[in-house]
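These notes are about the structure you will find just below.
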Amino acid sequence: MRISKLFTKTTKDAPADEVAKNAQLLIRAGFVYKEMAGVYAYLPLGKKVLDNIIQIIREEMDAIGGNEISLTALQPKHNWESSGRWNDEVMDVWFKTKLANGAELGLAPTHEEPLTQLMKNFISSYRDLPVYPYQFQIKFRNELRSKSGLMRGREFWMKDLYSFSRNQEEHDNFYELVSSAYDKVYDRLGIGDITYKTFASGGSFAKYSHEFQTLSDVGEDKIYVHDGRKLAINEEVYTDEVLDDLGLSRDDLVEKKAVEVGNIFTLGTKFSDALDLAYTDIDGESKKVIMGSYGIGPSRLMGLIAEHFSDDKGLVWPESIAPAKVYLVSIGSDEAISLADDLYDELMQAGIEVIYDDRDERPGAKFADAELMGIPYRVTVSDRLIVDNKFEITSRKTNMTNILTHDELLAKLS
RNA sequence: CGGGGUGUGGCGCAGUUGAUAGCGCGCUCGGUUUGGGACCGAGAGGUCGAAGGUUUGAGUCCUUUCACCCCGACCA
């Protein structure tokens with residue numbers, strides 16, 4: 001992508017009313033636009049990052065047998081009345097509205113009910129199970145207070161996977177499979193080392209659910225971490241009984257602040273009971289489907305990663321989700337520009353994503369933008385380098401610079 | 001939803017005891033610059049969040065309201 005074709009611009013100042021560092025940087029770098037409190041639009045570079053995060057999650061969900069779907073944001077109330085969750089006392093985050101004919105509607109805050117209803121069309125035999133539909137969708141939640149930039153919005157991207165299993169054992173196996181898939185997702189996003197599988201309250205059908213909590217000073221959750229076993233306990237279930245269960249003592253654990261970046265939850269028959277989702281087993285008996293739900297918030301992850309991987313110059317994206325791998329800067333004469341043009345074409349043809357700063361700007365401005373945008377490698381083409389047939393490459397993360405030949409540069413970037 | 005704070009060109013801000021709005025960034029044009037956010041000159045751009053009120057006169061005082069931010073409670 002050429003900067004000259006990119007409609008966004010960077011700014012030196014962040015909006016005064018935006019305090020969260022992730023939103024400040026993302027707005028300054030032109031990745032997102034704030035529509036209102038807790039509601040952000042994704043601009044070209046931000047959309048790219050979000051899509052990259054989503055793609056990593058998609059690959060890992062597909063790898064464990066997920067079937068990607070796309071459910072509706074508009075929700076008629078009847079499914080939700082079956083489960084009791086249409087009631088504002090039970091689910092207090094609803095955005096509700098009406099059809100022209102007066103019928104009540106809600107904007108989906110989650111999708112257990114509609115998906116359970118939908119699956120009744122496709123599940124009737126034990127042969128139809130297990131199945132694992134999932135989707136990426138904007139969820140709507142009327143939070144009393146949104147905050148922390150992208151990390152707590154009133155509309156936000158969520159990956160929600162649901163499991164439909166024949167029995168508890170089948171469910172438990174898949175539950176563990178999802179857990180390991182989540183580990184892979186966080187590893188690929190570059191936050192695996194600071195993300196802990198965390199014991200949390202389980203609801204009616206399981207003793208525990210599990211959250212994936214990433215350590216962060218801006219985290220809203222308090223967890224107790226055991227580094228050796230790479231697990232943690234959420235404050236809400238930090239009791240002697242739980243410690244006994246896990247064979248831990250308080251001395252082994254350290255209190256940390258963290259951001260919940262995923263959760264896996266055993267639903268049991270809560271929704272299959274409410275909406276009557278049953279199958280006929282091999283023995284001819286009708287049985288209720290055992291369900292689970294598994295969430296990851298791609299937009300929250302984007303905010304968290306922006307916040308975590310940043311410094312005084314701006315964003316520092318992990319290579320796996322950066323909007324491009326290379327920020328190409330040309331400095332000086334027409335000859336340097338022409339050489340940069342050629343390099344841009346060559347890198348793009350080699351499948352290496354490049355943001356080419358082809359503006360008539362001074363070097364300092366280009367360098368500053370490369371750093372603010374957090375592109376992993378900055379490649380410079382300039383008159384002083386041309387003389388020796390060399391290119392300069394600088395790592396955003398380490399700030400190390402190498403002067404390379406054309407072939408060395410391509411080898412390094414491939 | 002309780003407590004606190006803030007709304008003035010696109011962004012960041014100033015505006016005194018009330019007298020019809022100014023600075024920096026950005027933007028446009030001209031020129032000079034070109035390895036760390038250049039400089040000089042000339043310009044454009046604001047019914048001061050909204051509504052009502054007090055006053056000869058309101059960005060400034062009063063009332064109402066909306067929005068945003070922070071702390072708390074709640075929540076992926």
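A quick note: this is a predicted structure, and the numbers were derived from the prediction, not measured. In what follows, chains are A, B, ... by sequence order, proteins preceding strands, each numbered from 1.
If you check B/A42 for Watson-Crick or wobble pairing at under 3.5 angstrom, you find it paired to B/U28. Under the Watson-Crick and G-U wobble criteria, each requiring two contacts below 3.5 Å, nucleotide B/G72 is paired to B/C1. Base pairing annotation: B/G7 forms a Watson-Crick or G-U wobble pair with B/C66, both donor-acceptor distances under 3.5 Å. The partner of B/C13 is B/G22, judged by Watson-Crick or G-U wobble contacts that both fall below 3.5 Å. Nucleotide B/G36 is matched to nothing when pairs are restricted to Watson-Crick or G-U wobble geometry with both distances under 3.5 angstrom.
Residue contacts for A/T110: at a heavy-atom cut-off of 4.0 Å it reaches no nucleic acid atom on any strand shown. At a threshold of 4.0 angstrom between heavy atoms, the contacts of A/E155 with the nucleic acid are absent. A/G153 comes within 4.0 angstrom of a nucleotide base, judged by non-hydrogen atoms across all strands. Residue-level contact check: A/E220 touches the bases, meaning some heavy atom is under 4.0 Å from a base atom. Residue contacts shown for A/I337 are absent, as no nucleic acid heavy atom lies under 4.0 Å away. Across all strands shown, A/E18 has no heavy atoms under 4.0 Å from either base or sugar-phosphate atoms.
Contact check for A/T116 versus A/Y162: no side-chain heavy atoms found under the 4.5 Å cut-off. In this structure, the side chains of A/D383 and A/I331 stay at 4.5 Å or more apart for every pair of heavy atoms.
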Practice prompt. Given side-chain contact (heavy atoms from CB on, under 4.5 Å), test A/Y208 with A/D245 step by step and report yes or no.
Written response: CA-CA 11 Å; A/Y208 300 111; A/D245 270 5; 2.6 Å; yes

Practice prompt. Decide yes or no on side-chain contact (heavy atoms from CB on, under 4.5 Å) for A/T405 and A/K390, but give the supporting numbers first.
Written response: CA-CA 5 Å; A/T405 65; A/K390 294 288 180 66; 3.6 Å; yes

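Nucleotides B/U17 and B/C23 are separated by 24 Å at their C1' atoms, to the nearest Å. Using P as the reference atom, B/U16 and B/U8 are 16 Å apart when rounded to the nearest Å. Distance noted for atom P between B/U34 and B/A21: 42 Å (whole Å). Annotation: B/G12 and B/U55 have their P atoms spaced 37 Å apart (nearest Å). Comparing the C1' positions of B/G59 and B/G22 gives an interatomic distance of 12 Å, to the nearest angstrom. Between the C1' atoms of B/C70 and B/U28, the separation comes to 39 Å (whole Å). Taking atom C1' in both B/C29 and B/G45, the straight-line distance is 15 Å, to the nearest Å. The separation of B/U54 from B/G15, taken at their C1' atoms, amounts to 22 Å, rounded to a whole angstrom.
Ion pairing between A/K5 and A/D358 fails under the 4.0 Å rule for side-chain N and carboxylate O. Look at A/R378 and A/E392 and you find a salt bridge, because one of the NZ, NE, NH1 or NH2 atoms lies within 4.0 Å of a carboxylate O, short of that distance. A salt bridge does not link A/D252 with A/R229: every distance from a Lys NZ or Arg NE/NH1/NH2 to an Asp or Glu carboxylate oxygen is 4.0 Å or more. A salt bridge links A/R188 with A/E60; the closest basic N to acidic carboxylate O contact falls under 4.0 Å. Salt-bridge annotation for A/K288 and A/D273: present, with a side-chain N of the basic residue lying under 4.0 Å from a carboxylate O of the acidic one.
Here B/A76 presents its P atom at 16 Å from NE2 of A/H111, a figure rounded to the nearest Å. The interatomic distance linking A/D388 (CG) with B/G35 (C1') rounds to 15 Å, in whole Å. As a whole-Å value, the separation of A/K9 NZ from B/G10 P is 13 Å. In this structure, OH of A/Y33 is placed 12 Å from C1' of B/C11, rounded to the nearest angstrom. Rounded to whole Å, the distance from NZ on A/K139 to C1' on B/A76 is 11 Å. With rounding to whole Å, A/W94 atom CH2 is found 16 Å from B/C75 atom C1'. For the pair A/N399 CG and B/G36 P, the interatomic distance rounds to 14 Å; values are reported in whole Å. For A/E361 and B/G35, the CD to C1' distance is 14 Å, given to the nearest whole Å.
Distance from the side chain of A/A37 is smallest to B/C69 among B/G12, B/C69, B/A76. Taking every side-chain heavy atom of A/K12 into account, B/G26 is the closest of B/C11, B/U34, B/G26. Residue A/R300 places its side chain closer to B/A76 than to any other of B/C68, B/C11, B/A76. Among the nucleotides B/C68, B/G35, B/G36, the one closest to the side chain of A/S382 is B/G35. Distances were taken from every side-chain heavy atom of A/N263 (C-beta onward) to each of B/C27, B/A76, B/G35; the shortest belongs to B/A76. Of the candidates B/U33, B/G35, B/G36, the closest approach to any side-chain atom of A/A368 belongs to B/G36. Residue A/R378 has its side chain nearest to B/G36 when only B/G36, B/A38, B/G12 are considered. Checking B/C74, B/C68, B/A76 against every side-chain atom of A/D92, the shortest atom distance belongs to B/C74. Each of B/A73, B/U34, B/G12 was ranked by its minimum atom distance to the side chain of A/L144; first place goes to B/A73.
For residues 52-88 of chain A, every residue pair satisfying the ring-ring contact (aromatic ring centres under 6.0 Å, His included) rule, not counting sequence neighbours, is listed here: A/W80-A/W94, A/W86-A/W94.
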Between the protein and nucleotides 43-45 of chain B, list every N/O to N/O distance that falls short of 3.5 Å.
none

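Taking only distance into account, the side chain of A/R28 never meets the base of B/G10 through a donor-acceptor pair shorter than 3.5 Å. Residue side chain A/D369 reaches the base of B/G37 through a donor-acceptor N/O pair under 3.5 Å, judged by distance alone.
In terms of phosphate contacts, A/R384 brings no side-chain nitrogen or oxygen within less than 4.0 Å of OP1 or OP2 of B/G35. Residue A/R145 places at least one side-chain N or O under 4.0 Å from the OP1 or OP2 atom of B/C71. At the phosphate of B/C69, OP1 or OP2 sits under 4.0 Å from a side-chain N or O atom of A/K34.
Remark: the backbone N or O of A/L404 is not paired with any side-chain donor or acceptor of A/E408 at under 3.5 angstrom.
If you look at A/Y294 and A/F174, their ring centroids are closer than 6.0 Å.
Closest-nucleotide positions on RNA chain B for A/K147 and A/F156 were compared, and the one nearer the 5' end corresponds to A/K147. When each of A/E143 and A/V19 is assigned the nucleotide of RNA chain B with its nearest heavy atom, A/V19 is the one assigned upstream, toward the 5' end.
For B/G37, the base is not stacked against the aromatic ring of A/F367, per a cut-off of 5.5 Å between centres and 30° between planes.
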